[in-house]
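Okay, structure first, notes after.
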2 protein chains.
Amino acid sequence: MTEPSAGACVPPELDELLCFAVYSAGLAFTRAYRAPLEAMGLTYPQYLVMVALWSEDGVMVSRLGDRLSLDSGTLTPLLKRLEAMGLLERRRAQEDERRVIISLTPEGRALGDKAADVTRCIGNAIGLSPGEITDLTGTLQRLRSHLDAAGRKA
Amino acid sequence: MTEPSAGACVPPELDELLCFAVYSAGLAFTRAYRAPLEAMGLTYPQYLVMVALWSEDGVMVSRLGDRLSLDSGTLTPLLKRLEAMGLLERRRAQEDERRVIISLTPEGRALGDKAADVTRCIGNAIGLSPGEITDLTGTLQRLRSHLDAAGRKA
DNA sequence: TGCGATTAAATCGTGCGCAATATATATTGC
DNA sequence: GCAATATATATTGCGCACGATTTAATCGCA
């Protein structure tokens, strides 16, 4: 007679939920990046888009969307803001006018030189050992791929 | 002569950044929770607020803000929506009219019975062992406290 | 060749997340 | 008592994040 009432029906505790740990670490990262990125004039999501472009330039919007797992509804206005800042160009591909190709300007590429400083600055704030950081990053990537796979099925 | 030019100035790779792993796992969680929470009529942040209230009811807005690390600019409209759904009440404390006390309604409290199902559903999608989940949650909590501490200094 | 299906991006509406500011209440110092 | 200060929440504005829809270009194929 331990089955129906107690046990399984206890609501979860916030601090035991993995999803909340991820959620709140994500917000903490957003806050931690705000000050260092202010010097570059970028928001945190804009910075992640620039990181993607510094390693692979001249790509379609959907390619960026795949790498960052964001859709055009998020990326289009964000990219327009980066274009207005003079960091990149958006132009239709002439061989297929549906595609919009994103290319860094010299200014946008040059901004990459400051990125290492930001990474170093955040690295200090993380407070984990290099080994822990590597492990954590890998485990989170595995977690993401599992969540994505489960979502694709549903 | 290896110092000034090369080495430190390489922009980071997206998939090696811990911040991006956290960011994108967070988005994946948001997507994973959408379907199970739709049955409860809640968004993911609304669900986290309810989780906090199921374990500690009758609290000030700022208490919720401390537990979730969210400010009134986020919580006030979110709580108003939950109030409009009939899940909670917002009333000024009579001993200090600056304070707004959040109390679950019977409907709000009853909704907690369905939370275990949601947790179970997400648990399947996580795809990590119980031990890994515990470790990951703990490491992320440590990470968050480091990032918060670094932010408080700056 | 023509025309429905598919693909790529843009648009629209809603709900966070947060900095900056405003408002109202409470406390403190004199 | 009452002005100065502190505290608690609310408001405003901006930038994501994303589902749903729209627009436009290309592809498939009879």
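Chain letters run A, B, ... following the sequence lines, proteins first and then strands; every chain starts at 1. Since we're looking at a predicted model, the values are computed, not measured.
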Any residue of residues 54-81 of chain B with a heavy atom less than 4.0 Å from an atom of DNA chain C: B:Ser69, B:Leu70, B:Asp71, B:Gly73, B:Thr74, B:Leu78, B:Arg81
Not counting sequence neighbours, which residues clear salt bridge (Lys or Arg N to Asp or Glu O under 4.0 Å) with A:Glu132? List them please. B:Arg142
Span of DNA chain C in contact with chain B (heavy atoms, under 4.0 Å): C:dG15 to C:dA26
Test salt bridge (Lys or Arg N to Asp or Glu O under 4.0 Å) applied to B:Arg98 - qualifying residues, sequence neighbours left out: B:Asp96
Would you say the side chains of B:Arg67 and A:Ser24 form a donor-acceptor pair under 3.5 Å? no
Quick one: which residue pairs count as a ring-ring contact (aromatic ring centres under 6.0 Å, His included) with a foot in residues 45-81 of chain B, not counting sequence neighbours? B:Tyr33-B:Tyr47
Please name all residues satisfying side-chain hydrogen bond (donor to acceptor under 3.5 Å, both in side chains) with B:Arg63, sequence neighbours left out, ordered by chain then number. B:Glu56
Rounded to the nearest Å, what distance is computed from the CZ atom of residue A:Arg34 to the P atom of nucleotide D:dC14? 15 Å
Which of residues 87-97 of chain A have a heavy atom under 4.0 Å from DNA chain C? A:Arg90, A:Arg92
Expressed in angstrom and rounded to an integer, what is the separation of B:Leu37 atom CG from D:dC18 atom C1'? 15 Å
Please list residues of residues 40-52 of chain B whose heavy atoms come under 4.0 Å from any atom in DNA chain C, ordered by number; otherwise none. B:Thr43, B:Pro45, B:Gln46
Donor-acceptor pair, B:Glu83 side chain versus B:Lys80 backbone, under 3.5 Å? no
Pair A:Asp117 + A:Arg120, salt bridge at N-O below 4.0 Å: yes
Holding to side-chain hydrogen bond (donor to acceptor under 3.5 Å, both in side chains), I want the full list of residues that pass it with B:Asp57, two or more places apart in sequence or in another chain. B:Arg109
Is a side-chain donor or acceptor of A:Thr30 paired with a backbone partner of A:Gly26 at a separation under 3.5 angstrom? yes
Does any N or O in the side chain of B:Gln141 come within less than 3.5 Å of the main-chain N or O of A:Asp15, such that one atom is a donor and the other an acceptor? yes
Atom-to-atom span, CZ of B:Phe20 to C1' of D:dA17 - whole angstrom: 14 Å
Ignoring hydrogens and angles, tell me if any N or O in the side chain of A:Thr74 forms a donor-acceptor pair with the backbone of A:Leu70 under 3.5 Å. no
Figure out the CZ/C1' separation between A:Arg31 and D:dG15, and round it to whole Å. 17 Å
Could you list the residues that satisfy side-chain hydrogen bond (donor to acceptor under 3.5 Å, both in side chains) with A:Thr134, not counting sequence neighbours? none
Under a 3.5 Å distance rule, please check whether B:Arg144 uses its side chain to pair with a backbone N or O of A:Ala28 as donor and acceptor. no
How bent is the helix from C:dT1-D:dA30 to C:dC30-D:dG1, measuring the angle between the end axes built from five pairs each, rounded to 10°? 0°
Can you list everything that forms a side-chain hydrogen bond (donor to acceptor under 3.5 Å, both in side chains) with B:Thr105? Sequence neighbours excluded, please. B:Glu107
For B:Ile126, does its backbone N or O pair with a side-chain atom of A:His146 as donor and acceptor, under 3.5 Å? yes
